[in-house]
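These notes concern the structure reproduced below.
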Amino acid sequence: MKIFENIRYAVGAILLNKKRSFLTMIGIIVGLSAVITIVSVGDTITTVMNEFFMSTFGGNNIHVCSYSDSNDSGDSYKYAITQDETSHILDNGPDSIVDVLQQSAYSYKGKAFIDDNMYSAASLSGVSSGYAKSSNMKMVEGRFINRKDCQEKKAAVVISDVAAENCFGSAKNAIGKSILIQGKIPDQIPQDTDEMPQNDKFTINTTVYTNCVVVGVYKYEDKQGKLKNIDNKRSFLTNVYCPYSYLNYVSGIETNDITYNFIQVACEDNTHLDEVEMYLYDFLDSRFQDSDNYEYMVLDIREDLKDISMVVTVVTIVFILVAAISLIVGGIGLMNTMLVSITERTKEIGIKKALGAKKNTIRAQFLTESVIICLIACAVGVFCGTLIGMIIELNIDKIIDLIKNDTIVYFLKNTDIKITPSAGAVIISVIFSVTVGVIFGYYPANKGAKMQPVDALRYE
Amino acid sequence: MPEQNNKAVIDMTGIIKRYYIGMPNELQILNGISLKINEGEFVAIVGESGSGKSTMMNIIGALDRPTEGKYLFNGEDISSLSDKKLSLIRNKEIGFVFQNFNLIPRTSAQKNIELPMMYAGKGRKERAKKAMELLGIVGMEERADHNPNELSGGQKQRVAIARAMANDPSLILADEPTGALDTKTGRVVMDIFHKLHKSGKTIVLITHSPELAKETQRIITISDGSVVSDTGGAVNENF
């Protein structure tokens with residue numbers, strides 16, 4: 001009741017001296033716009049960096065690295081982790097483990113086709129069942145490669161919707177049909193030297209010609225808009241996925257002979273990472289307890305993300321402290337205005353005291369006024385801060401071009417970057433402005449409250 | 001003539017007021033005034049300017065404390081109460097009417113009247129109802145929504161009287177209420193005081209005009225900080 005009256009009165013007093021009130025607000029507006037901009041940009045950087053690391057390294061993946069003192073070891077090509085161990089992890093580990101990610105030793109470039117007219121350029125890769133999830137793949141029809149396909153080395157493939165249209169007319173038509181795939185190893189270099197068996201007992205097939213069954217069609221994400229600009233869609237290269245074990249088999253490699261110094265364990269989500277990590281430590285401890293040559297590490301991305309947001313938070317806080325200087329200057333301006341305003345209204349204070357207003361009543365009235373000035377300044381500041389954020393957003397491409405790292409630039413250009421103030425930023429601003437209003441309004445308000453009624457009434 | 005009882009609203013004994021205490025220019029304005037005003041009386045306090053009647057009014061109105069002496073208001077000693085308690089007395093027990101109206105600017109007549117009730121913690125609806133009732137008594141219902149700058153002097157003073165009545169005070173203290181008005185509007189204002197007096201209100205009128213004073217029941221004349229004459233029957237002691 002009294003609060004409402006105070007607000008009504010305060011707004012009246014502020015409107016009476018619009019120009020003076022506005023000039024008083026400027027300092028606070030500048031400070032708060034800066035706070036809003038800094039916090040929004042900081043939030044955006046944290047979010048984008050999180051997304052970048054999540055999509056690049058997989059937020060639900062746990063990495064196991066092993067390193068050996070290979071000089072002491074007779075067979076230096078052997079890495080610590082064998083197929084046995086990956087199967088064991090998948091079979092006996094916690095249920096939240098979806099897959100131990102695997103890739104074929106080689107991939108092939110060529111085409112997928114039915115006959116001379118129905119074909120599509122394709123690159124054949126062998127993967128394991130967790131690949132779809134960890135690369136955020138969306139299925140249009142059918143299913144992705146599953147564990148059974150991998151175990152049984154099935155000739156099952158998942159093709160893109162582009163390839164499905166080129167070869168079968170539609171994604172729906174493709175499911176269950178057989179398709180021929182022909183390709184060769186590009187430049188005949190292994191795609192991943194770590195995973196290549198460094199053993200010359202294999203004779204690698206550098207070309208493949210194989211007949212597979214389409215089990216699923218995935219959505220090709222045309223992030224760079226390349227597909228739109230191409231005339232002949234048949235020559236547009238998309239990935240075709242088959243079980244890694246199958247592709248190793250047709251390449252002439254025995255999958256079971258491949259060893260790893262690095263594996264990725266894909267989890268259902270990031271809520272059970274600790275449990276899975278505990279399991280991995282226990283398992284690897286028991287496996288390697290007799291071996292002095294092997295060391296290993298179990299890592300996930302959470303630590304890195306924490307470090308990044310720490311850095312951003314520290315930078316944000318430093319900038320907020322700088323902006324706080326502007327708020328202090330603005331606050332002193334506010335104090336000055338309130339002192340003038342109270343002197344002007346001395347008579348009014350006298351009348352109110354004669355009518356029975358207590359010290360607290362007068363104090364509350366002027367504190368309300370200074371807080372409202374700050375809240376109006378806060379609203380304008382949030383608006384200006386949002387505007388600055390929008391300006392940055394509109395020119396984001398120019399800013400991205402300043403970054404030297406190609407991977408990051410590519411990611412940023414394909415990410416929808418929004419710089420809008422978060423609820424947190426707005427709450428921080430409101431808290432800041434109310435604090436400034438109370439701190440710098442208290443002294444003048446108290447001065448008004450302490451006036452003696454007789455003196456105040458006599459004031460002309 | 002309204003019925004009078006002997007309950008004293010104001011009972012002052014030996015009131016002294018000094019300014020600049022302990023300094024070379026120490027000044028004694030009131031020289032030990034003793035005064036008793038009963039409930040229902042209509043009293044005029046008359047004096048030349050500089051006689052101390054304004055200081056007298058400030059003390060009667062609980063705006064200021066006496067340096068020495070005892071002031072019983074409705075039987076309660078208020079000569080040394082805290083600021084907060086004095087605020088309460090002013091709010092509930094005393095209604096002020098000033099020479100220059102002293103309405104709060106940019107605030108409608110109704111809201112001005114509601115102010116003392118708001119300080120007394122009364123609810124919105126109750127305030128609005130009482131304010132309209134009081135505006136009716138002073139004949140200003142139609143101007144309820146007008147701000148002071150849209151009212152004439154006489155109208156402002158009528159609103160001020162309505163405001164003084166807001167919390168049904170024991171005492172209405174009017175300081176030269178017609179001083180800024182012409183004869184005609186001054187008459188209207190005085191008629192309202194007479195009306196209030198007839199309804200049983202205790203009114204103290206402070207004025208320098210002997211004509212106005214004559215309209216009241218009792219005239220107390222102050223000169224040089226002392227009561228020099230008192231036409232009433234209440235206690236009258238000069239030092």
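Throughout, a chain's letter reflects where its sequence line sits, starting with A, and its residues are numbered from 1. Note that this is a predicted model, so its numbers are computed, not measured.
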Taking [atom1] in [X] as the centre, count heavy atoms belonging to other residues, nucleotides or ligands within less than 6.0 Å. Is the count above 12?
| X | atom1 | value |
| --- | --- | --- |
| His208(B) | NE2 | no |
| Asp224(B) | CG | no |
| Glu48(B) | CD | no |
| Tyr19(B) | OH | yes |

Residue part contacting chain A, namely of [X], when any heavy atom lies under 4.5 Å:
| X | value |
| --- | --- |
| Asp83(B) | side chain |
| Asn58(B) | side chain |
| Lys92(B) | neither |
| Leu86(B) | neither |
| Leu115(B) | side chain |

- Message: I need the minimum non-hydrogen distance between Ser87(B) and Ala357(A), along with the two atoms involved.
- Response: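 Closest heavy-atom pair between Ser87(B) and Ala357(A): OG-O, 3.7 Å.
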- Message: To check you understand the geometry: which heavy-atom pair defines the closest contact between Gly356(A) and Asn91(B), and what is its length?
- Response: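 Shortest heavy-atom separation between Gly356(A) and Asn91(B) comes out as CA-CB, 3.5 Å.
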- Message: With side-chain contact (heavy atoms from CB on, under 4.5 Å) as the criterion, how do Phe98(B) and Leu457(A) come out once you've worked through the C-alpha distance, each side chain's angles and the decisive distance to 0.1 Å?
- Response: CA-CA 10 Å; Phe98(B) 299 97; Leu457(A) 270 173; 3.9 Å; yes
- What is the distance from atom CG of Asn102(B) to atom NZ of Lys352(A), rounded to the nearest 0.5 Å?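 So the gap between those two atoms works out to 12.5 Å.
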- Item | Among the listed options Glu114(B), Lys84(B), Arg106(B), the residue most often paired with chain A at heavy-atom distances under 4.5 Å |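 The option with the most such pairs is Arg106(B).
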- Specify which of Val454(A), Leu355(A), Asn360(A) makes the most heavy-atom pairs with chain B at under 4.5 Å.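 With the most close heavy-atom pairs to chain B, the winner is Leu355(A).
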- Task: Test side-chain contact (heavy atoms from CB on, under 4.5 Å) on Arg163(B) and Ile351(A) and set out the steps.
- Result: CA-CA 12 Å; Arg163(B) 185 177 68 183; Ile351(A) 300 167; 3.8 Å; yes
- Proximal component of Lys347(A), with respect to chain B [non-hydrogen, under 4.5 Å]: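 Contact with chain B is through the side chain of Lys347(A) alone.
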- Examine distances only and state if a side-chain atom of Arg90(B) and a backbone atom of Lys353(A) form a donor-acceptor pair shorter than 3.5 Å.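 Yes.
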- So, do Glu5(A) and Arg124(B) sit near enough that their side-chain heavy atoms are less than 4.5 Å apart?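 Answer yes - side chains close enough.
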- Item | Side chains of Thr107(B) and Arg8(A) in contact at under 4.5 Å (non-hydrogen atoms) |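 They are in contact (side-chain heavy atoms under 4.5 Å apart), so the answer is yes.
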- Message: Lys358(A) vs Leu88(B), test: side-chain contact (heavy atoms from CB on, under 4.5 Å). Steps then yes/no.
- Response: CA-CA 8 Å; Lys358(A) 295 184 194 76; Leu88(B) 271 173; 4.2 Å; yes
